[in-house]
Amino acid sequence: MELVVRKNDLLKELSLLQGIVERKNTIPILANVLINAEKSGVSLLATDLDVGLRSKCEATVTKPGTLTLPAKKLFEIVSALPDTDIRIEEDKGGKSVTVAADRFESKMQTLPASEFPTPPQDGGPSEASLPGAALKRLISHTRFAITSEDTRYFLNGAQLVLRPDEMSMIATDGHRLALITVKESAGKSAKSEVLLPRKTLNEVSRLIDDNTVVEFMQGENHLFFRTEGRLLISRKIDANFPAYERVIPKSNDKSIEFDRDRLAAAVKRVRLLSNERSKAVRFVMGKDQVEITSSTPEVGEAHEVLPVDYSGTPMQICFNADYVDNFLSVVETESVLLEFKDEMSQAVMKPIGADGYDYTYVIMPMRI
């Protein structure tokens, strides 16, 4: 195989493949990218057996062929090269590959392309067209609530719900739940639901921008996302997402409005003296104020008072500071609402005045 490709064209595709490649895998070939050169250009493929990405870039191909190269090292070399043409050439024995540009030349070891796993080619006709800006918002507002516990595999992803005139995404780890609905159509005439794995969400998010449209397809065991000449392939999670509607409280009768930036800053400061394991901060509700406090016996304590409009029953609720931070970091509105009932029931946080979407964040109080 022999080809010449522009540095920036190749670098862009290699950068997208980096999140796919499994660096700590016991199968050496999965650390490589499969490069297939044809007269029409070059295609690249990376996979960890659960998620795969096919992409293309323009190139001048002198000798068509297929080979594999270490994805991380190839990316590092291409990143370090000047903005010029890069020559990639396989030696006659097929055991090494030359990567060169200007006066630089390197030889890299290759593994047989025949060992590279072959993911499904395509998902068939598109089932839905997902607007890029809406999809990015769905992902950014929910993925932090996905559980990190591998044993709870039915919570290892976010549920995507498509309806004729709106799209929703829900994620939960059992301690908090994030639900967002955007008022945009995905071209579906009937409701459909699919569970998207965490890594799939992360990689889809990297592929899209506000002007992108993602064509979504499903196979028997795989999900497919096609956009701008790239195809992301994901293995399905064989599980049912829990009935999330039951978790959202309907009887919270108290509420407090906060300035988002002031609340976020107060939580960040007070949490510095919270217990490193529990990360607990306490919201103490009183007459027209909320005092946010934390304490660790062996370190110290901190508190900050925020003036608010509140005349309800004095009480205190303890939250995980990380959970509050996660919500406040993705909300774009100036004000947020905290709805609650008592010290032990689920509380709800919402943005006030959100444009074009509804966002509900359910958070369980901590028992300390």
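Atoms considered below: every heavy atom in the structure, side chains included; atoms not considered: hydrogens, waters and symmetry mates.
Separation of the F340 and F283 ring centroids does not fall under the 6.0 Å cut-off. For H141 and Y361, the gap between ring centers reaches or exceeds 6.0 Å.
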Subject >> Derivation of the side chain to side chain donor-acceptor pair (under 3.5 Å) call for Q346 and K341 >> reply: CA-CA 8 Å; Q346 298 103 312; K341 179 181 179 181; over 6 Å; no
**OP:** Please test R235 against N221 for side chain to side chain donor-acceptor pair (under 3.5 Å), starting from the C-alpha separation and ending with a verdict.
**Re:** CA-CA 6 Å; R235 192 182 298 275; N221 299 309; over 6 Å; no
Subject >> Full working for side-chain contact (heavy atoms from CB on, under 4.5 Å) between L263 and V336 >> reply: CA-CA 9 Å; L263 177 59; V336 296; 4.1 Å; yes
**OP:** Show the numbers, then the answer: is there a side chain to side chain donor-acceptor pair (under 3.5 Å) between T68 and N32?
**Re:** CA-CA 6 Å; T68 75; N32 282 23; 2.9 Å; yes
**OP:** For the pair T66 and N36, evaluate side chain to side chain donor-acceptor pair (under 3.5 Å) and give the outcome as yes or no after the intermediate values.
**Re:** CA-CA 4 Å; T66 304; N36 181 41; 2.7 Å; yes
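Checking K350 against T360 by side-chain atom types alone, no donor-acceptor pair falls below 3.5 Å.
With side-chain heavy atoms closer than 4.5 Å counting as contact, directly or through intermediates, M344 stands alone and belongs to no larger hydrophobic cluster.
Other residues, nucleotides and ligands contribute over 12 non-hydrogen atoms within 6.0 Å of the CD atom of E76. Within a 6.0 Å radius of CD in E334, other residues, nucleotides and ligands contribute 12 heavy atoms or fewer.
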Solution key, residues 161-168 side-chain donor-acceptor pairs under 3.5 Å, sequence neighbours excluded:
from, atom 1, to, atom 2, distance (Å)
R163, NH1, E166, OE2, 3.4
R163, NH1, S168, OG, 3.3
E166, OE1, K183, NZ, 3.2
S168, OG, T181, OG1, 2.7

